[in-house]
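Keep in mind the model is a prediction, meaning the values are calculated, not measured.
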Amino acid sequence: MIISIPAAQPRPAWEQRQLGDTVEVCSGRDYKHLPAGRIPVYGTGGYMTSVSAALSYARDAVGIGRKGTIDRPYKLVAPFWTVDTLFFSIPREGNDLDFLLGVFLRIDWKSKNEATGLPSLSKQTINEIEVFIPEATEQSRIGHVFAKLDNLITLHQRKHSPPRIRNSALCPLRVKEVS
């Protein structure tokens, strides 16, 4: 019996590029002038509140702290608003968001800190970070695997965490103080 093994397809080379060539780093802004609404507002620690306008209505991004928590990037799904302590990085044409999130998660952001007190990053620092990037199709494949793994981890964490009981009608037993 002869087993035929297909020839390995040559893989495109990964190119070293500056992060600014793959994403557009945008600044967050104050939201307090906006009325309440359905658009989530994010800061370095995550969700804060909801307002009536968005900084990005259609393009997802990677959020990365500008001040304070600079080492915990996370995915932002449009529409969203970010406060002035959180940059949002929108992938440039031909770059995959989920792949770039993986890149952001692997960077040692604390080593990029520009301040002596409260940790800080600048757009220039983010844009000048050197990274290795494959061509768009491979980015998409790798990003798809990252997204599936992230979803699986999230489901696993939910399965093994105790349910939260909220102070609501679902919790009819309440203690009432008697005077």
Distance in Å, [X] [atom1] paired with [Y] [atom2], rounded so as to fall on 0.5 Å steps:
X      : Y      : atom1 : atom2 : value
Asp71  : Thr69  : CG    : OG1   : 7.0 Å
Glu138 : Ile142 : CD    : CD1   : 4.5 Å
Arg17  : Ile129 : CZ    : CD1   : 15.5 Å
His144 : Phe99  : NE2   : CZ    : 15.5 Å

Nearest heavy-atom neighbours spanning [X] and [Y]:
X      : Y      : result
Ala147 : Asp98  : CB-OD2, 3.7 Å
Gly28  : Leu55  : CA-CD1, 3.9 Å
Ala115 : Ser120 : CB-OG, 3.8 Å
Leu34  : Ser52  : CB-OG, 4.4 Å
Val83  : Met48  : CG1-SD, 3.7 Å
Phe80  : Arg59  : CE2-O, 3.4 Å

The residue among Cys26, Ser89, Ser27 that forms side chain to side chain contact (heavy atoms under 4.5 Å, CB included) with Lys123 is Ser27
Any heavy-atom pair between the side chains of [Y] and [X] that's under 4.5 Å?
X      : Y      : answer
Phe104 : Tyr74  : no
Lys75  : Leu101 : yes
Tyr47  : Val41  : no
Glu135 : Trp14  : no
Leu76  : Asp60  : no
Asn95  : Ile133 : yes
Asn113 : Ile70  : yes
Ile90  : Val25  : no

inquiry  = With a 6.0 Å cut-off (strictly less than), is the heavy-atom count around CD of Glu130, excluding the residue itself, greater than 12?
reply    = yes
Should we count CZ of Arg29 as having more than 12 external heavy atoms under 6.0 Å?
-> no
* Asked: Will you find, in the side chains of Gln18 and Asn127, an N or O donor that is under 3.5 Å from an N or O acceptor?
  -> no
Next on the checklist: With no hydrogens and no angle check, just 3.5 Å: does a side-chain donor-acceptor pair link Lys67 and Thr44?
Outcome noted: no
Distance-only, no hydrogens or angles: does the [X] side chain make a donor-acceptor pair with backbone N or O of [Y] under 3.5 Å?
X      : Y      : answer
Arg38  : Val51  : no
Asp84  : Asp30  : no
Arg72  : Gly46  : no
Asp150 : Phe146 : no
Arg66  : Leu86  : no
Gln139 : Asp96  : yes

With hydrophobic residues grouped by side-chain heavy-atom distances under 4.5 Å, do Tyr42 and Trp109 end up in a single group? no
| ILVMFWY cluster, Phe132 and Ile126 together (side-chain gap under 4.5 Å) | yes
Could you give me the CA-CA distance, side-chain angles and deciding distance for Leu19 and Glu128, then say whether side-chain contact (heavy atoms from CB on, under 4.5 Å) is met? CA-CA 6 Å; Leu19 204 49; Glu128 292 176 354; over 6 Å; no
Self-check item: Leu105/Ile107 under side-chain contact (heavy atoms from CB on, under 4.5 Å): CA gap, chis, key distance, verdict
Solution: CA-CA 6 Å; Leu105 289 167; Ile107 294 170; over 6 Å; no
### Task
Report the C-alpha distance between Val131 and Gln16 in whole Å, list the side-chain angles of each, state the deciding distance to 0.1 Å, and finish with yes or no for side-chain contact (heavy atoms from CB on, under 4.5 Å).
CA-CA 6 Å; Val131 294; Gln16 186 171 3; over 6 Å; no
Residue set satisfying ring pair (Phe, Tyr, Trp, His ring centres under 6.0 Å) with Phe87, at least two apart, ordered chain then number -> none
CA sep, side-chain torsions, deciding dist, call: Phe88, Val62, side-chain contact (heavy atoms from CB on, under 4.5 Å):
CA-CA 6 Å; Phe88 61 100; Val62 175; over 6 Å; no
